[in-house]
Amino acid sequence: MKSAQNQALRRPGRWLLGLCLAVLVQGLVGCAAQGPAGGPPGSDVFFDRGVNLGNALEAPDEGEWGLTVLESYVDAIADAGFETVRLPVKWSGHAGSAPPYSLDPDFLARVDEVVGWILDRGLNVVLDLHHYDEMSTTPAAEVDRWLAIWKQLAEHYQHAPEALAFELLNEPNSALGDPLWNTMVRQALATVRPTNPERWVVVGPTSWNATSALGGLALPEDRHLVITFHYYDPFDFTHQGAEWVSPSPPIGRSWTGTKLTPRAGWQDWSWDTDVGYDDQIGLTFEAGWAGFYLHSAQPVTGYQTLVLRTSRAVDLLVTCGPDDGGFAVRTEAGAEGQVALGDCGGTQDVPRIIIQDGTGQPQPAFVLQTLELRGPSGTLPLLVTEADAIGTAFDLVSDWAAANGNPPLLLGEFGAYSTADMGSRVRWTRAVREAAEVHGFGWAYWEFGAGFGVYDPNTSSWRNGLLDALLDKRTSH
Ligand code: BGC
């Protein structure tokens, strides 16, 4: 009986009815919180095993991008075993342009309908304010309107179950940098908290929610924040042929997971050097004094030695510190060489490693077989496989969380576009999902039924390879 009652409470019909009754009786008896016992199960990861219902309600008008949410989609999502739906919504396209910036009631009712379908199936929903495009160009001019939208949404959904979270803004970027964004987050919380003191609020860093931008996010004192970030690396793979990216990366790049790449946090700033990233790294110095240059966004500490190995003897200049110059090294074919960081200009912090042509002449290709730092902190390979690069990126997220009170973390978007080959998409999707789980992050795949779709709305069927990569299961429908 009890569970039947809880079931009934989860039904959107009841929830919306509750909302209406609460509004009617508010003046007389006030509003008791109506949330059913459908809240977090006590785990740090609550908004987990999700899928983005993208390209529908965040289009200028639903349907304009080819997808209108059907109740049967939500059934399919629940039946498949997903637990969360992230629902991107273009609220800014359906609010007045002058104070009080009223939300269009018909649009709000439509979102309510979809939210109700999701909650009705016992799923969580992350209600995401998506594609507020002006926020990327003239953010300061939009803050009042954005806050007014959140005030209305917060009031409207204040009695919704705890399974509904608010995501303040998808992918703040470009003109919206850390100082303004950090202020806006505080303002939005001050707007939302009076009506939703314990609502889970999802917030992510700038730079399109990049993991590398987490350091700039100043966390407010708030016990109900979920921190989100997105992961689309290697971008040239996940966004090959993407029409909305300029220049669009060429189609044809596969993902095996075995190719080498700089570890997360290190960028390739090489010059006059052809760097062949494959299962091995081939280097060709195309001009005298050319260099293979790895730059670390966050200087690393705790190492004493740079270890390198090349396939043939090469004359090099090695730089490990902030000063230019370079320490002359002649490697031996296939033999491990060690350079003390003090010799190549390294200080306590290593901000960069430059392996430079030491001859002043172009040089034929050689293979860089080893490049790593060693010291009391252990061994840090600077070149890792693409599969391991996911883990190294997520390690940095975990490190950031550990230094910031360990908030719950949500990988709110990851996916590879349909222009990539399906085998690679499946491999990559599984690798990212598994790495998220190993790190204890909740996740939500981008997205359900459009260009990245795990589901094909034309045939009403799942793309089983992707579904299996996400949920370890296949379905026949
Ligand atoms: C954007 C989508 C895009 C996706 C992948 C999302 O945040 O809103 O338009 O397809 O990222 O690039």
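When reading the values below, keep in mind they use all heavy atoms of this one structure, side chains included, and skip hydrogens, waters and symmetry mates. Just so you know, these numbers come straight off a predicted model, no measurement behind them. Each ligand, and each atom within it, is numbered from 1 in the order the structure gives.
A donor and an acceptor atom, one from each side chain of E413 and Y231, are nowhere located under 3.5 Å apart. Looking at R49 and N124, their side chains never bring a donor and an acceptor atom within 3.5 Å of each other. Defined by atom type and a distance below 3.5 Å, a donor-acceptor pair is present between the side-chain atoms of Y277 and D268.
A salt bridge does not link R263 to D388: none of the charged nitrogens lies less than 4.0 Å from a carboxylate oxygen.
For a heavy-atom separation below 4.0 Å, the residues in contact with ligand 1 are H130, H131, N170, E171, Y232, H239, W244, E413, W446, F452.
For S207, the side chain to side chain donor-acceptor pair (under 3.5 Å) test picks out no residue, with sequence neighbours left out.
Within the cation-pi definition used here (under 6.0 Å to the ring centroid, within 45° of the axis), R199 qualifies as a partner of F166.
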